[in-house]
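Protein chains get the first letters and strands the later ones, always in sequence-line order, with residue 1 at the start of each.
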2 protein chains.
Amino acid sequence: MDNTEITIHDIAEILGINSSTVSRALNNSSRVAQKTKDKILKKATELGYQRNHLASNLRKRKTFTIGVIVPRISRHFFSSAIAGIEETAFKAGYNVIICQSLESLEREKSIIDTLLANRVDGVLISISMETKNYDHLKGLKQRKIPFVFFDRHCDIAENSKVVIDDFNAAFTAVEHLIEKNSTNIAHFSGPQNLEIYKNRFKGYKAALEKHKIPFREELVVSSSLMEKDGAQNVQKILALPYKIDGLFCANDVVAIGAIQYLRKIKIRVPEDIAIVGFSNETISSVIEPALTTINQSGMQIGEAATNLLLAKISNENKKQIHETIIVKTNLIERKSTLR
Amino acid sequence: MDNTEITIHDIAEILGINSSTVSRALNNSSRVAQKTKDKILKKATELGYQRNHLASNLRKRKTFTIGVIVPRISRHFFSSAIAGIEETAFKAGYNVIICQSLESLEREKSIIDTLLANRVDGVLISISMETKNYDHLKGLKQRKIPFVFFDRHCDIAENSKVVIDDFNAAFTAVEHLIEKNSTNIAHFSGPQNLEIYKNRFKGYKAALEKHKIPFREELVVSSSLMEKDGAQNVQKILALPYKIDGLFCANDVVAIGAIQYLRKIKIRVPEDIAIVGFSNETISSVIEPALTTINQSGMQIGEAATNLLLAKISNENKKQIHETIIVKTNLIERKSTLR
DNA sequence: CTGTTAGCGCTTTCAA
DNA sequence: TTGAAAGCGCTAACAG
């Protein structure tokens with residue numbers, strides 16, 4: 001009468017056999033006669049049986065679930081990474097629990113607790129802006145839950161990560177600007193506790209150095225990666241007593257904000273100020289055809305990270321893998337198609 | 001020596017008490033002395049105990065997990081909806097399993113099976129483009145798993161949904177174009193098995209009718225919601241023997257494709273052709289300042305859908321709720337800020 | 001090839 | 001206020 005679900009015992013009883021045989025049949029074990037298997041499978045579908053993964057997982061001490069922690073799902077880079085993760089995981093028979101830290105360390109901690117309590121088999125994480133202390137990650141290590149950083153990583157010992165070639169991408173970007181005759185090149189950076197922004201900054205400096213352009217502190221503006229920061233940053237560099245003719249933007253959202261503001265105040269891109277910014281599939285085609293972008297495929301990063309994590313999961317007993325996968329980016333220059 | 005996790009029995013044994021008392025204490029039951037509670041909690045944190053939700057859920061027949069099915073995570077509308085869902089669910093102590101159907105009915109079915117097997121407490125679903133048959137949803141009904149449609153719904157009996165005011169939004173959009181002196185107004189539509197596109201189409205027709213503009217079949221171009229469709233659709237309407245001066249686009253991705261193509265062939269928006277398109281928070285500000293948009297907040301829809309679902313979940317035993325929540329959209333006109 | 005048995009870690013009666 | 005015992009649904013020895 002109630003919400004009674006069909007169990008293997010029900011099937012066993014009806015068929016007059018033992019429930020373990022049913023279990024084996026349902027798992028397609030070779031240790032069950034084909035005839036019995038057929039009978040069981042038939043009855044199972046007839047009754048609308050559906051395996052209870054909770055019970056199965058509890059017994060097997062494995063959940064076929066991976067946890068994913070991102071700062072914010074709606075950021076295009078992360079949503080496309082998640083798309084890649086989900087797809088790869090789905091193919092391998094894994095579920096994905098998605099959580100967003102909303103850039104808060106507190107939340108990140110609490111999420112990790114939840115994931116641990118749910119006994120996920122592994123974790124993919126892109127750390128929050130606030131995360132400067134990594135004790136909560138040690139919890140994962142202690143519990144021997146494999147985890148892989150993607151995009152926003154941090155430099156703790158013995159970890160795996162999937163990142164883009166930040167330094168080189170930045171270097172190429174700035175060199176590109178220099179070749180386009182920019183000399184006063186500003187850099188819109190991100191939080192310096194995040195390795196990716198540190199490395200992009202280093203790439204910026206290295207390119208200047210190579211081309212004997214003096215580095216100026218005031219041309220580097222950091223921010224908290226919001227769209228409004230783009231506008232504010234532009235104001236800051238425009239207030240300088242000399243003309244800025246190039247801009248290397250380390251974050252797509254900030255780039256969007258910057259470009260919108262530049263449009264508003266009628267400064268032309270790339271004629272008045274040439275810009276190179278990090279971006280990704282969709283945004284880059286939409287954002288501004290005149291913007292040269294460093295394309296990073298979220299999908300690809302998600303896929304790579306998931307594959308690496310799955311490898312670590314199935315490898316558990318053997319020696320640990322501590323791998324760094326670098327996903328290549330590429331510079332795409334667009335001719336302005338604006339009238 | 002192995003990956004031995006701390007259980008309530010470990011705590012009980014150490015403290016020389018019974019595991020059920022530990023369980024009660026950890027659940028903050030009033031039926032255990034404060035002194036014992038303190039002792040237990042202290043020992044638990046000391047040992048780094050973490051409740052095994054699998055076991056707990058199995059016993060309680062409840063998972064505090066909701067399943068979410070969307071066509072594609074990386075679509076901005078869906079990723080912002082998911083952001084809203086995750087946030088609302090997280091607050092209520094629920095986990096979220098995200099799945100993408102990739103617009104395939106087959107996958108949608110298989111996902112529902114997985115979610116059932118995982119004993120999710122409820123499901124939020126935005127159906128795929130291919131979904132014209134709803135038998136797989138009946139499975140949810142039979143199992144009494146509450147589910148709520150959001151955005152892309154279908155008209156099966158007794159269901160709950162959170163949608164936007166498609167008809168009115170479309171009507172307003174087209175009326176807006178008419179007021180801007182467009183008379184030959186094209187409509188880029190979507191799959192007509194999806195109610196939302198049906199209703200947007202109806203709104204388009206109604207507005208024309210009200211203003212005594214004859215409806216012309218050839219001005220309506222449907223598509224499979226890809227960016228490339230935007231370009232193709234534009235080609236189709238430009239091939240018509242008269243000038244199109246208005247366009248109502250029922251899908252943001254198609255709108256993006258259309259605008260890019262128009263730019264490429266040097267047709268000015270909105271001077272040569274006025275456009276109103278559905279859009280959402282981020283995209284709308286980026287896509288094209290000259291485009292008037294119907295803004296739909298994915299976040300808000302996700303939040304509303306989750307709240308409705310949670311209400312249904314906790315209401316399980318009592319009478320069913322079959323509610324339709326309509327989230328209002330608003331038309332945002334932008335002045336072109338392009339040079 | 002199939003059955004018996006024990007138990008994954010937790011909650012929840014029932015009894016004391 | 002605590003303990004004893006049963007069992008959620010499944011799997012995995014171990015027997016036979």
Side-chain angles (χ1 to χ4, degrees), chain A residues 2-41 43-44 47-65 93 114 116-121 143, chain B residues 2-41 43-44 47-65 113-114 116-121 143:
Chain A
D2 223 26
N3 196 0
T4 319
E5 274 157 2
I6 312 296
T7 73
I8 50 173
H9 299 108
D10 299 330
I11 299 177
E13 196 174 2
I14 293 174
L15 259 35
I17 53 176
N18 192 281
S19 59
S20 29
T21 306
V22 177
S23 171
R24 281 192 278 259
L26 260 21
N27 285 302
N28 201 19
S29 156
S30 56
R31 287 172 46 204
V32 154
Q34 191 57 48
K35 220 176 121 186
T36 334
K37 253 188 211 173
D38 293 342
K39 207 169 56 182
I40 292 171
L41 256 63
K43 189 51 92 186
L47 297 175
Y49 169 81
Q50 213 127 13
R51 169 196 270 111
N52 186 329
H53 276 179
L54 263 89
S56 162
N57 291 340
L58 175 60
R59 181 62 232 244
K60 290 203 287 204
R61 298 159 154 283
K62 179 153 172 51
T63 56
F64 294 97
T65 302
T114 311
L116 284 175
N118 279 286
R119 300 294 191 268
V120 294
D121 294 335
R143 302 289 228 78
Chain B
D2 222 28
N3 195 0
T4 319
E5 274 155 4
I6 312 295
T7 72
I8 49 173
H9 299 107
D10 298 330
I11 299 177
E13 197 174 2
I14 292 174
L15 259 35
I17 55 178
N18 191 282
S19 59
S20 32
T21 306
V22 177
S23 171
R24 281 192 278 259
L26 261 21
N27 286 302
N28 201 18
S29 158
S30 56
R31 290 174 43 204
V32 57
Q34 190 58 48
K35 216 176 123 189
T36 334
K37 252 188 212 174
D38 293 341
K39 206 170 55 181
I40 292 171
L41 255 62
K43 192 48 99 184
L47 296 175
Y49 169 83
Q50 211 126 14
R51 171 196 267 111
N52 186 330
H53 277 178
L54 264 92
S56 161
N57 291 340
L58 174 61
R59 181 62 231 248
K60 290 204 286 203
R61 296 160 156 282
K62 181 151 169 52
T63 55
F64 294 96
T65 301
D113 281 347
T114 311
L116 284 174
N118 279 287
R119 299 295 189 270
V120 294
D121 293 336
R143 299 287 226 80

| task | Output, in order, the C-alpha distance, side-chain angles, deciding distance and verdict of side chain to side chain contact (heavy atoms under 4.5 Å, CB included) for V22(B) and L15(B). | result | CA-CA 9 Å; V22(B) 177; L15(B) 259 35; 5.7 Å; no
Between [X] ([atom1]) and [N] ([atom2]), how many Å, whole number?
X	N	atom1	atom2	answer
H53(A)	dC10(D)	NE2	P	10 Å
I11(B)	dG3(D)	CD1	C1'	17 Å
I6(A)	dC8(D)	CD1	C1'	16 Å
D10(A)	dC10(D)	CG	C1'	13 Å
L15(B)	dG3(D)	CG	P	10 Å
K62(A)	dG9(D)	NZ	P	24 Å
F64(A)	dT11(D)	CZ	P	11 Å
L116(B)	dG9(D)	CG	P	15 Å

| request: Apply side chain to side chain contact (heavy atoms under 4.5 Å, CB included) to I8(B) and L26(B), showing your working. | output: CA-CA 9 Å; I8(B) 49 173; L26(B) 261 21; 3.8 Å; yes
| query | Going by heavy atoms in the side chains, are L58(A) and N57(B) under 4.5 Å from each other? | reply | no
| query | Between R119(B) and R61(B), is any pair of side-chain heavy atoms under 4.5 Å apart? | reply | no
| remark: Assign each of A33(A) and L58(B) the nucleotide of DNA chain C bearing its closest heavy atom; nearer the 5' end lies the nucleotide of A33(A)
| message | What's L54(B) touching, base or sugar-phosphate or nothing? Going by heavy atoms closer than 4.0 Å. | response | nothing
| query | Where along nucleotides 11-16 of chain C does protein come under 4.0 Å, by heavy atom, of base (B) or sugar-phosphate alone (S), with - for untouched nucleotides? | reply | BBBB--
| message | Under 3.5 Å, is there a donor on one side chain and an acceptor on the other for S20(A) and N18(A)? | response | yes
| CG-CD distance between N118(B) and Q50(A), expressed to the nearest 0.5 angstrom | 10.0 Å
| Between R119(B) and K37(B), which has a closest nucleotide on DNA chain D that is more 5'? | K37(B)
| field | Donor-acceptor contact below 3.5 Å, side chain D38(B) vs main chain K35(B) | value | no
